[in-house]
Amino acid sequence: MPAVSKGDGMRGLAVFISDIRNCKSKEAEIKRINKELANIRSKFKGDKALDGYSKKKYVCKLLFIFLLGHDIDFGHMEAVNLLSSNKYTEKQIGYLFISVLVNSNSELIRLINNAIKNDLSSRNPTFMCLALHCIANVGSREMAEAFASEIPRILVAGDTMDSVKQSAALCLLRLYKTSPDLVLMGEWTSRVVHLLNDQHMGVVTAAISLITCLSQKNPDEFKTCVSLAVSRLSRIVSSASTDLQDYTYYFVPAPWLSCKLLRLLQCYPPPEDGAVKGRLVECLETILNKAQEPPKSKKVQHSNAKNAILFEAISLIIHYDSEPNLLVRACNQLGQFLQHRETNLRYLALESMCTLASSEFSHEAVKTHIETVINALKTERDVSVRQRAADLLYAMCDRSNAKQIVAEMLSYLETADYSIREEMVLKVAILAEKYAVDYSWYVDTILNLIRIAGDYVSEEVWYRVIQIVINRDDVQGYAAKTVFEALQAPACHENMVKVGGYILGEFGNLIAGDPRSSPLVQFNLLHSKFHLCSVPTRALLLSAYIKFINLFPETKATIQEVLRCDSQIRNSDVELQQRAVEYLKLSSIASTDVLATVLEEMPPFPERESSILAKLKKKKGPGAVSVTELEDSKREGGELNGGSDRGPDTSSTPSPSADLLGIRSSAPVGTAPASAGNLLVDVFSEAGPAAPSAAVNDDGFLRFVCKNNGVLFENQLLQIGIKSEYRQNLGRMYLFYGNKTSVQFASFTTSVSCPGELQSHILSLNVQTKQVEPLVEGGAQIQQVLNIECLTDFSDAPLLNIKFRYGGALQNLTLKLPVTINKFFQPTEMSSHDFFQRWKQLSQPQQEAQKIFKANHSMDTEVLKAKLLGLGTALLDNVDPNPENYVCAGVIQTKGQQVGCLLRLEPNAQAQMYRLTLRCSKDSVSRRLCELLAEQF
Amino acid sequence: MHFLYPMCCFNSLLNLTCQNQNNYIQDHLKSALFDAFCLTADVFNRPLCSLISLFFHFFSSFQMQFMLLFSRQGKLRLQKWYVPLSDKEKKKITRELVQTVLARKPKMCSFLEWRDLKIVYKRYASLYFCCAIEDQDNELITLEIIHRYVELLDKYFGSVCELDIIFNFEKAYFILDEFLLGGEAQETSKKNVLKAIEQADLLQENIDFQMRLFAAPS
């Protein structure tokens, strides 16, 4: 092949590129580029029509400038003009520019589509390929609309050139991926499958990608591809390395095609036809055998290509998970790779073995490599390989080797790379809990974890150890003793102090008999750490102290003295000061009985209601969390977990028992009898009416999912009631603000912000309202009307912000308005047959959302029915074969579209659990409804 | 009371589900996965986000997400995106990735996990070739895709160097398009790819030749 100085060389372009390369500084480069841009602009604007060559040259320069990272805002039109040039290179540059620079919603798309259409019908294969490449590169919906029906025709037409077929197959694949709804299956599909038999290997290579994707979505229609793929694979595998000519790569016959064939087979279960299956097993065996043969070349490309096929074959073997013989052979092969000198192979072997570890046939075989893997964890120089080793250890862990693996991981943790410490900590914590035979081992492990990598122990981990200690009385004494010992270390991590404070506060009495850990010794030990700790830990310690007063009355005087000293009772931190004051007061006023009730040992944590879960519920779907939401959830999370920045409580029912560790949501309310509760309202009065709070309050929010009217919010000052009605995609909400005090509220303002508004892209709700009167007299009620229009489906409720002055202090309150997507439901009645037909139609994995959860409310049939009706859907009788189950159907009306939703709720009265499944034509809606509803039952 | 962390079983399920792209198996697995998912969700929230994104990812079939060529100085020489992304996002990814890859030592393995993707890279002289693939894709075959592309460039330019790619960037794109389309291998035969490019060049020369004939000074 000659070197590149071809006829189309653009001298001007080369000069420009050299100029840029010679620029000494960024500024010089920008200056040169601006000069060029000005030049090109004037050329394009000039009256003199440019010839094709100059146009091509300038467009190419613009492209170069863009690829350097600068913005280009002109030249698109000229590029589009090039498309209709007869000269190949001009056309080619035009297409390149379009592929790189034109985004899908450009208004030029119509012109571009026209040019493409012309080229597609030109019968000139080079032009057709250019056009197909462009479609595949841009792959926009507009292009799919224009060409989705044309391309299958080109693909299967008898007279299409091979090269065009190849481009057409992959072009169609791209369109199918971006707009599957526009690519209609039809007569062409069966002919596409037969491309697997095509003489031209390139055509097979391109077509198989398309077939794989199509058969993932429509496995039944493409079933025939299995036997075709097996026979093709068999022919390749058994061919000599020279048979396939240019498709042999470093002595390996058609490695890309082989990998793709093996990948296609992974879309299906093992072939049922015995002959086909036998042939396939033979292929897999041959591939495994070839791995043992001496290499035909020393080049790394040879071994890479060979092993690429091997790994793909192993994936298929794991996928079938039915051939113990092959699984064990695969495992042995990978075992050899574990000690290979190529880092890449060691990495892949570790990774692949992870999946083998989960198969019952090969789990034991994987376990035999434990020493090698542990060695890899210790000696690998590349952190990503060590990471894989840690993953594999985690995957091969079971009861028999848990102690060894956890010990190894702990010792690795001391030197582990910072980037993977947190994950390692989680893994150790999980394994320790999962395989804990005796819980003293578990406690030891977690405390070790805190000792070794305290900074990486997330809150969840130390919450968890506390939950477990509280829930298991057989380990409490041991835990108390162990933390006591751990705290004696001269320097211990703050997380250790937290765990220690909590556990000694609860169970210090269990070790108080030993004079070496008498109550006062315990207290002094804890208090010696106090001054080194951060505010939240100090707050926790103060709570431990008040618990001590209850556990050990003899420490009362000492502790009261500590609480009374200026550094506590006048602490500049509000939280600490408040605790000190309140605890001091509580310990001096309350009788021992009251004290004992209030400071009773924490009740066992309900397993499913952990603080982590509560935090999770605040988390939204994947990826799409906006900054504001994140902040909200942080704030809410902070509130739930009693962080030091906890704003004053705005809810009207203080939950006094919950604050000790701050795992408020997990502590059952009502541990203290009502009388004590009343007393505590005064003592612990946190609901300071004077302080402003901006934290979002959504307590009331979930109560309104299935109903439209009620009291949304109430505190000492204000009550907010709601009445709402919805029709199609419109709604009207009446808000009633009641002033519960006898004093006027001044500067009363409300504002509603909608989801999406802050992110500035798509507004999903349109809420109109008029401002209310700024004065609300004592005892008076004012009303506000909101008109709501649902533009598109949404997850986030609008926020209502209320500000007013009460006795000079500014009150600031933010509530989630109970506008949820289900409000725009229209019930749909349908027969059992229709229902299941639609259910089947909505079978794409994303369209379904499912959740299993514990019943939080009565499982009474009538109550459930009322709730489901309140949801807005039609409750369908005689649809589900199991009469215990509930199925509903409805259509959500938004301005832009209608979203069909089907719901199925399966109660299990015995386990007090539900399984909720939703299938909607839009996946975000399924997810959101599932989130909302899981809270309702 | 039991304290089983369901993470392990979750992981195995996840792996299984990723591999089983068959619909009917997947339905069952998915439901089991969701159960495990909910249980896991109770325990830890940190891995959750990545799990969710994984969950929604693994139904898309495997393909290359993008390919980048950059120099040892971190200058981007070629970028090909097979998934729609905004320019801002592209720039961010490029910046992050160039930094990550350049920081790696020579003997390290050619694969690394980055966000939810897997990066496969290889250095040829002063140029880094870097592909992003999905979690379940075949790393080794991707490595050889890179190599084959280098071979194609080499053959076309005649012992290719970075300057060739700088000054003939459009050719580098054309060759790539002949070889990979939409992130999938279109034609793996070196001969056939080069033939296609050569034909195009010939076409041009013929036209030029004709043009010169017809446009001869009268």
Side-chain angles (χ1 to χ4, degrees), chain A residues 1 3-4 6-8 14 17 87-89 96 126 133 136 163 166-167 170 173-174 202 205-206 209 212-213 216 219 246-247 256 259 266-269 301 304-305 307-308 312 319 343-344 347 355 358 382 384-385 430 433-434 460 468 471 608 610 612-613 615-616 622-623 845 850-852, chain B residues 1 3-5 7-8 12 15 19-23 30 34-35 38 41-46 52-53 56 59 61 108-112 138-141 143-144 147 155-158 166-168 170 173 177 181-182 184-192 194 196 200-201 203-205 207-208:
Chain A
M1 167 110 1
V4 203
K6 303 256 158 70
D8 63 315
I17 295 176
K87 288 198 192 171
Y88 181 73
T89 49
L96 181 60
T126 16
H133 290 180
S163 61
Q166 285 166 280
S167 300
L170 294 177
L173 171 61
R174 176 70 197 262
T205 310
S209 300
T212 307
C213 182
Q216 274 167 5
D246 210 34
Y247 289 92
W256 284 280
C259 285
Q266 287 172 56
C267 302
Y268 289 92
Q301 282 76 27
N304 277 353
N307 292 327
E312 207 58 66
H319 164 77
T343 316
N344 289 347
Y347 175 96
T355 46
S358 56
D382 186 345
S384 43
V385 185
I430 290 169
E433 186 178 338
K434 190 172 175 195
E460 289 82 355
I468 284 175
N471 289 7
R608 302 300 305 279
S610 69
I612 305 140
L613 178 65
K615 227 163 126 180
L616 273 175
Q850 192 177 65
K851 197 159 185 178
I852 298 182
Chain B
M1 201 155 287
F3 305 108
L4 284 186
Y5 270 107
M7 272 304 270
C8 272
S12 4
N15 284 332
Q19 273 140 26
N20 272 293
Q21 269 153 6
N22 175 295
N23 260 13
K30 243 170 48 204
F34 246 120
D35 298 1
C38 298
D42 286 8
V43 184
F44 287 121
N45 70 336
R46 205 193 64 85
I52 297 178
S53 54
F56 290 102
F59 295 101
S61 74
M108 285 186 162
C109 95
S110 313
F111 321 125
L112 61 123
N138 193 319
E139 296 93 342
L140 284 176
I141 207 73
L143 208 50
E144 294 318 298
H147 186 76
K155 192 94 187 190
Y156 181 78
F157 287 108
I166 297 172
F167 280 97
N168 301 287
E170 78 282 9
Y173 280 94
D177 266 355
L181 192 56
E184 301 272 358
Q186 172 175 225
E187 176 55 85
T188 60
S189 151
K190 200 154 62 173
K191 260 190 212 144
N192 290 353
L194 291 173
D201 282 338
L203 197 66
Q204 180 57 34
E205 279 178 2
I207 293 170
D208 282 352

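Per chain, numbering begins at 1; letters A, B, ... match sequence-line order. Everything quoted here is computed from the prediction, not taken from an experiment. Atoms considered below: every heavy atom in the structure, side chains included; atoms not considered: hydrogens, waters and symmetry mates.
If you measure heavy-atom distances from B:Ala196 to chain A, you find no contacts under 4.5 Å at all. Looking at B:Ile141, both its backbone and its side chain come within 4.5 Å of chain A, counting heavy atoms on both sides. Heavy-atom distances place the side chain of A:Thr126, and not its backbone, under 4.5 Å from chain B.
When each of A:Thr343, A:Asn307, A:Val385, A:Leu170 is checked for heavy-atom pairs under 4.5 Å with chain B, A:Leu170 comes out on top. Each of A:Ala14, A:Ser163, A:Ala305 has some count of heavy-atom pairs under 4.5 Å with chain B, and the biggest count is that of A:Ala14. Among B:Ile166, B:Leu181, B:Thr188, the residue making the largest number of heavy-atom pairs under 4.5 Å with chain A is B:Leu181.
Not one N or O on the side chain of B:Gln186 forms a donor-acceptor pair closer than 3.5 Å with the backbone of A:Ala206. Judged by distance alone, with hydrogens and angles left aside, the side-chain atoms of A:Asn344 form a donor-acceptor pair with the main-chain N or O of B:Ser110 at under 3.5 Å.
Among residues two or more places apart in sequence or in another chain, the side chain to side chain contact (heavy atoms under 4.5 Å, CB included) test is passed with B:Ser189 by A:Asp246, A:Tyr247, B:Glu187, B:Lys191, B:Asn192. When the ring-ring contact (aromatic ring centres under 6.0 Å, His included) test is applied to B:Phe111, the partners found at least two apart in sequence or on another chain are A:Tyr347.
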Does the pair B:His147 and A:Gln301 meet the rule for a side-chain hydrogen bond (donor to acceptor under 3.5 Å, both in side chains), with working shown? CA-CA 8 Å; B:His147 186 76; A:Gln301 282 76 27; 3.1 Å; yes
